[in-house]
A.B. asks: 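I have a structure I would like to understand better, so I am pasting it below and will then ask my questions one at a time.
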Amino acid sequence: MPETQFLERILFSEEQLATRVHELGRQISADYRGKKPLFVGILRGCVLFYADLIKNISVDCTLDFMCLSSYSGTGSTGQVRTMLDLRESIQGRHVIIVEDIVDTGLTLDYLMNHLKDRGAASIEICCLLDKPANRKVNVTPKYVGFSIENEFVIGYGLDYNELYRNLPYIGVFKKQ
Ligand code: 5GP
């Protein structure tokens with residue numbers, strides 16, 4: 001088990017996450033029947049959520065990934081960069097971006113601008129967590145696991161300086 005002295009409290013247990021991700025998978029499957037969506041995971045925070053989500057997708061789909069970077073420690077650097085781009089063309093595809101958490105919205109705003117001229121049939125956002133209180137730009141995810149307060153969270157893919165992604169639950173990070 002990872003060291004957890006940096007944990008203030010557990011916000012969502014493994015069971016709560018599994019239940020909600022199952023619901024999201026069912027909803028997306030119903031919405032995308034016959035559309036063969038492309039799930040674009042935003043590395044690295046999405047990994048646990050992404051894997052669990054696609055296990056709950058019951059329509060044909062394909063998978064791809066991007067890696068963007070903007071965070072350092074518990075604060076956004078405000079500068080988003082593409083570290084890894086898509087392998088597949090999104091021309092004519094129904095794209096679902098899978099993100100761990102939307103905070104200021106700057107990362108997804110950058111991503112939507114980056115993808116908008118690539119000819120997708122549709123692009124929607126599915127995020128596990130949403131922190132609407134901290135939004136700086138207008139980004140509206142269609143599928144949201146949970147809305148949370150403006151607290152820094154770790155676990156289930158979310159890191160603090162690359163640690164704690166392997167926690168099976170989501171917890172609030174304890175400030176030093
Ligand atoms: P945004 O650009 O919306 O401010 O931030 C998006 C990215 O910041 C997320 O994909 C995530 O990597 C990181 N981030 C935002 N809030 C948190 C948080 O509470 N905990 C962690 N671990 N990362 C966060």
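FYI, the numbering just counts along the sequence from 1. We count ligands from 1, going down the list as the structure has it; atoms in each ligand are counted the same way.
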A.B. asks: Does some non-hydrogen atom of K131 fall short of 4.0 Å from ligand 1?
C.D. replies: yes
A.B. asks: Can you list the atoms of ligand 1 that are under 4.0 Å from a heavy atom of E151?
C.D. replies: 19 (O)
A.B. asks: With a cut-off of 4.0 Å, which atoms of ligand 1 are near a heavy atom of E99?
C.D. replies: 10 (O)
A.B. asks: Can you tell if the side chain of D85 reaches within under 4.5 Å of the side chain of H114, non-hydrogen atoms only?
C.D. replies: yes
A.B. asks: Check whether any side-chain heavy atom of D100 sits under 4.5 Å from a side-chain heavy atom of F49, and report yes or no.
C.D. replies: no
A.B. asks: May I ask you to list the atoms of ligand 1 that are less than 4.0 angstrom from any heavy atom of L158?
C.D. replies: 21 (C), 22 (N), 23 (N)
A.B. asks: Check whether R135 reaches the backbone of D103 with its side chain - one donor and one acceptor, N or O, closer than 3.5 Å.
C.D. replies: yes
A.B. asks: Which of the atoms in ligand 1, numbered in the order shown and given with their element, are less than 4.0 Å from a heavy-atom of D159?
C.D. replies: 21 (C), 22 (N)
A.B. asks: Please check this pair: side chain of N150 against backbone of A133, looking for a donor-acceptor N/O pair closer than 3.5 Å.
C.D. replies: no
A.B. asks: Can you get from V40 to I101 by hopping between Ile, Leu, Val, Met, Phe, Trp and Tyr side chains that sit under 4.5 Å apart?
C.D. replies: no
A.B. asks: Let me check something: do F146 and I170 share a hydrophobic cluster, defined by ILVMFWY side-chain heavy atoms less than 4.5 Å apart, either directly or through other members?
C.D. replies: yes
A.B. asks: At under 4.0 Å between heavy atoms, which part of D100 makes contact with ligand 1: side chain, backbone, both or neither?
C.D. replies: side chain
A.B. asks: Measuring from non-hydrogen atoms of G45 to any atom of ligand 1, is the shortest distance under 4.0 Å?
C.D. replies: no
A.B. asks: Is the closest heavy atom of K136 to ligand 1 under 4.0 Å?
C.D. replies: no
A.B. asks: Would you indicate which of T107, I170, I154 comes nearest to atom 6 (C) of ligand 1 when only heavy atoms are counted?
C.D. replies: T107
A.B. asks: Test your reading of the structure: does G105 have an N or O sitting under 3.5 Å from an N or O of ligand 1?
C.D. replies: yes
A.B. asks: Given the side-chain rings of Y50 and F65, with only the six-membered ring counted for Trp, is the space between their centroids under 6.0 Å?
C.D. replies: yes
A.B. asks: Could you check if a side-chain atom of Y156 sits within less than 4.5 angstrom of a side-chain atom of L129, using non-hydrogen atoms only?
C.D. replies: no
A.B. asks: So, 4.0 Å and heavy atoms of F152: is ligand 1 close enough to count as a contact?
C.D. replies: yes
A.B. asks: Do any N/O atoms on V102 end up under 3.5 angstrom from N/O atoms on ligand 1?
C.D. replies: no
